[in-house]
Amino acid sequence: MPLVNGKLLVNFIQEQQVMGGAFNTTNLETTVGILDAIEETKIPSFIQIAPSNIELAGYEGIVEMVERKAKQMDTPVALHLDHGKKMEDFKAAVRAGFTSVMIDGAEFDFEENIRYTKEAVDFAKAYGVPVEAELGAIKGKEDDHVNEADCKTDPKQVKEFVERTGCDLLAVSVGNVHGMDEEPCIDFDLLAEIEKESPVPLVIHGGSGIASEQLQKMKDYNVVKINVASELRQSYIQSIGHAYDENHQEANLIAVLTSAKNSVQKKTIEKIKELND
Ligand code: 13P
């Protein structure tokens, strides 16, 4: 089927009472691995890419790649922009045909985050593309970007933020961390307070390294999207490293990259099951 609009995907996720994963891609092999896993498990899911990873494929390239593969699938998939910090990246993704986008104004103060997010929402609205925004800052490491600030989401700001920006999904900071260097410590009481205040469904970043019981519990707090990147990236890199360790003269590139794609697929299936068992 064609790529599904992110809002419709969230409807499918809620109707089927499943947890939607959002899996970060970088290149052809990670894209095919993730999409094959989604098709195998039949759970509606997001595939996403951040501007920090767009260099190899480009916005149009990734849309073509994901769209072509999605057309051969029966499981609904949305292509999402992860962490659109710069407006030019956000607009490039919308123009290229992403069906869901994130504007990340978390580095700004409350008022500036609202202004920046609203500008993005107004732009995306004309294209019919839903917007995820972030309130509070998520600690940790994403590629070479390190965020030291651990600024948990303030429940008192949630309703006003969502109403004034018009965002469709809200990414929150409740002890979740990006990357694998730090232990996440999810504050479910805080998540419950945020859920009570939020007019829109919630998103949890930093899905790698969170215990499966905690991932599964999040459905009870109106979380509809959990982002997973590091564990998939590690599986890809480890597969290639293993091939090199086995044979320093290895030149069968297709065999090495097919194994790497299969590792990403296996890990994605594992995570989808963890989110939904
Ligand atoms: P992890 O790398 O911790 O899985 O986080 C991914 C993420 O939140 C992408 O936005």
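In what follows, residues are counted from 1 in the order of the sequence shown. First listed ligand is number 1; within each ligand, the first listed atom is number 1.
- Of all atoms in ligand 1, numbered sequentially from 1 with element shown, those under 4.0 Å from a heavy atom of N24 are 9 (C).
- Proximity to V228 (heavy-atom distance under 4.0 Å) selects the following atoms of ligand 1: 4 (O).
- Looking at Q48 next to ligand 1, no N or O pair under 3.5 Å apart turns up.
- The aromatic rings of F110 and F161 sit tilted, their planes meeting at an angle between 30° and 60°.
- Note: F123 and Y127 have tilted aromatic rings, judged against thresholds of 30 and 60 degrees for the angle between ring planes.
- Here the rule is side chain to side chain contact (heavy atoms under 4.5 Å, CB included) with V10, and of N5, V203, L169, D168 only L169 fits it.
- Counting atoms of ligand 1 from 1 in the listed order, those under 4.0 Å from a heavy atom of H178 are 3 (O), 5 (O), 7 (C), 8 (O), 10 (O).
- The ring of Y116 has its center closer than 6.0 angstrom to the ring center of F108.
- For the side chain to side chain contact (heavy atoms under 4.5 Å, CB included) test with N227, the passing option among N176, D82, I204 is D82; the others fail.
- Taking every heavy atom of G179 and a limit of under 4.0 angstrom, the matching atoms of ligand 1 come to 1 (P), 2 (O), 3 (O).
- Ligand 1 is never approached by I138 to a heavy-atom distance shorter than 4.0 Å.
- In summary, the atoms of ligand 1 found under 4.0 Å from a heavy atom of A229, numbered by their order in the structure, are 1 (P), 2 (O), 4 (O), 6 (C).
- Close approach of ligand 1 to V177 (heavy-atom distance below 4.0 Å) involves ligand atoms 3 (O).
- For a threshold of 3.5 Å applied to N or O pairs, the pair formed by E231 and ligand 1 contains no separation below that value.
- Using a 4.5 Å heavy-atom cutoff, the side chains of V129 and F98 are not in contact.
- Counting heavy atoms closer than 4.0 Å to ligand 1, residue H83 contributes side-chain atoms (C-beta onward) but none from N, CA, C or O.
- Between V172 and L191, the closest side-chain pair of non-hydrogen atoms falls below 4.5 Å.
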